[in-house]
Amino acid sequence: MPAKLPRSFYCRPTLDVAPDLLGKILVRIKGKTVTSGRIVEVEAYRNADDPASHAYRGLTPRNHLMFGEAGHAYVYFIYGMYFCVNVVTEKAGTAGACLIRALEPLGGIGVMEKRRGIENIHDLGNGPGKLCQAMSIDRALNGEDYLGDTLFLIDDGFSGFRIKRSPRIGIRAGVDKRWRFFIQGNGYVTKNKFNAL
DNA sequence: TATTGGATCGCC
DNA sequence: GCGATCCAATAG
């Protein structure tokens with residue numbers, strides 16, 4: 001199996017890490033159950049300079065992981081029923097994270113279909129809430145180390161794709177920032193009006 | 001202590 | 001286009 005991404009991969013500026021996450025494989029191991037998928041869409045969130053970021057107004061009990069060591073998971077609960085998972089970036093003390101917005105399912109597809117309650121492979125990971133449901137990611141994984149054995153990223157050398165960017169989805173503040181990155185033409189990217197630009 | 005609206009999704 | 005349904009952050 002290809003090597004896990006090292007701490008140094010995450011400990012960089014958020015806007016450098018975000019596009020580099022595209023094409024990497026997210027692996028989730030829960031007991032004996034393994035699910036995995038290729039990251040095809042991410043969004044970057046920064047600190048006090050980014051009004052759309054949870055870290056915009058400084059450190060709170062909820063967002064403190066964004067200020068911590070890079071390479072950990074920041075998982076939060078949203079809209080009363082969904083979870084979203086981020087990768088913490090930047091050196092400790094500087095807030096930053098990348099939201100994983102879409103995955104192309106690779107391994108454990110049957111398990112993911114069962115968790116999602118559907119069989120359309122295109123709807124298993126095309127959205128931050130959906131992919132968390134498919135990979136069984138919830139509050140229990142908040143703070144999890146991506147260098148550990150339950151949730152981690154590997155690089156299988158996948159490359160040659162074209163990266164596109166757009167404003168981030170579903171936010172009001174910071175729409176001037178084009179900090180959503182996705183793989184052009186990939187069928188597992190979330191649907192929205194920016195994809196054709 | 002009360003209010004408000006959100007880094008969503010699925011159905012109308 | 002809108003409701004479901006929780007809770008963090010802000011205001012009072």
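Just so we're on the same page: letters track the sequence lines, and every chain starts at 1. Every value quoted in this text rests on a predicted model; they were computed, and no experiment measured them.
With sequence neighbours left out, A/Glu119 forms a salt bridge (charged side-chain N to carboxylate O under 4.0 Å, His left out) with no residue at all. Checked against salt bridge (charged side-chain N to carboxylate O under 4.0 Å, His left out), A/Glu43 has the following partners two or more places apart in sequence or in another chain: A/Arg101. For A/Lys4, the side chain to side chain donor-acceptor pair (under 3.5 Å) partners two or more places apart in sequence, or in a different chain, are A/Asp149.
Non-hydrogen atoms lying under 4.0 Å from DNA chain C are contributed by A/Gly80, A/Met81, all within residues 80-115 of chain A. Of the residues in residues 61-74 of chain A, those with a non-hydrogen atom less than 4.0 angstrom from any atom of DNA chain C are A/Arg62. A heavy atom closer than 4.0 Å to some atom of DNA chain C occurs in no member of residues 118-129 of chain A. Contacts of residues 42-53 of chain A with DNA chain B (heavy atom under 4.0 Å): A/Tyr45, A/Ala52.
The stretch residues 58-73 of chain A participates, sequence neighbours left out, in these side-chain hydrogen bond (donor to acceptor under 3.5 Å, both in side chains) pairs: A/Thr60-A/Asn63, A/Glu69-A/His72. The ring pair (Phe, Tyr, Trp, His ring centres under 6.0 Å) pairs that include a residue from residues 25-44 of chain A number zero, where partners must be two or more places apart or lie in different chains. Residue pairs meeting the side-chain hydrogen bond (donor to acceptor under 3.5 Å, both in side chains) criterion with at least one partner in residues 23-37 of chain A, sequence neighbours excluded, are A/Lys30-A/Ser136.
Of the possible donor and acceptor atoms, none in the side chain of A/Asn86 sits under 3.5 Å from a partner among the backbone N and O of A/Val88. The main-chain N or O of A/Thr14 is found under 3.5 Å from a side-chain atom of A/Glu90 such that the two form a donor-acceptor pair. Distance alone, capped at 3.5 Å, places no donor-acceptor pair between the A/Glu144 side chain and the A/Leu151 backbone. No donor-acceptor distance shorter than 3.5 angstrom exists from the side chain of A/Arg178 to the backbone of A/Pro167, with no hydrogens or angles considered. Judged by distance alone, with hydrogens and angles left aside, the side-chain atoms of A/Thr150 form no donor-acceptor pair with the main-chain N or O of A/Ile29 at under 3.5 Å.
Remark: the A/Tyr76 side chain and the C/dA8 base include no donor-acceptor N/O pair separated by less than 3.5 Å. One N or O donor and one acceptor, one from the side chain of A/His54 and one from the base of B/dA7, sit under 3.5 Å apart.
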Worksheet item: For DNA chain C, what dot-bracket results from Watson-Crick or G-U pairs at under 3.5 Å, with [ ] for crossers and | for inter-strand partners?
Response: ||||.||||||.
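A cation-pi arrangement is not found for A/Arg7 relative to A/Tyr10, the charged atom failing to lie both closer than 6.0 Å to the ring centre and inside a 45° cone about the ring normal. For A/Arg38 and A/Phe158, the positive end sits near the middle of the six-membered ring, less than 6.0 Å away and at most 45° from its axis.
Ring orientation note: the planes of A/Tyr74 and A/His54 are nearly perpendicular, at an angle over 60° on the 30°/60° scale.
A salt bridge links A/Arg168 and A/Asp50; the closest N-O separation between the charged side-chain nitrogens and carboxylate oxygens is under 4.0 Å.
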Close N/O contacts between protein and nucleotides 1-4 of chain B (under 3.5 Å):
none

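Residues A/Lys191 and A/Asn195 bring no donor and acceptor atom of their side chains to less than 3.5 Å of each other. A side-chain donor-acceptor contact under 3.5 Å links A/Ser166 and A/Arg180. When only modelled atom types and interatomic distance are considered, A/Gln133 and A/Arg116 share a side-chain donor-acceptor pair under 3.5 Å.
Distance, A/Arg180 CZ to B/dA7 P: 16 Å, rounded to whole Å. In this entry the distance linking CH2 of A/Trp179 with P of B/dA7 reads 15 Å, nearest Å. Atoms CG (A/Asn142) and C1' (C/dA8) sit 13 Å apart, rounded to a whole Å. Here B/dA7 presents its C1' atom at 16 Å from OH of A/Tyr56, a figure rounded to the nearest Å. Whole-Å rounding puts the A/Arg172 CZ to B/dA7 C1' distance at 13 Å. Between the C1' atom of B/dC9 and the NZ atom of A/Lys130 lies a distance of 7 Å, rounded to the nearest Å. Distance OH (A/Tyr79) to C1' (C/dA8): 13 Å, rounded to an integer number of Å.
The phosphate of C/dA8 has neither OP1 nor OP2 within less than 4.0 Å of any side-chain N or O from A/Thr60.
Straight-line distance between the P atoms of C/dT5 and B/dA2: roughly 23 Å, to the nearest whole Å.
Taking a 6.0 Å sphere around OH of A/Tyr56, one finds it holds 12 or fewer heavy atoms contributed by other residues, nucleotides or ligands.
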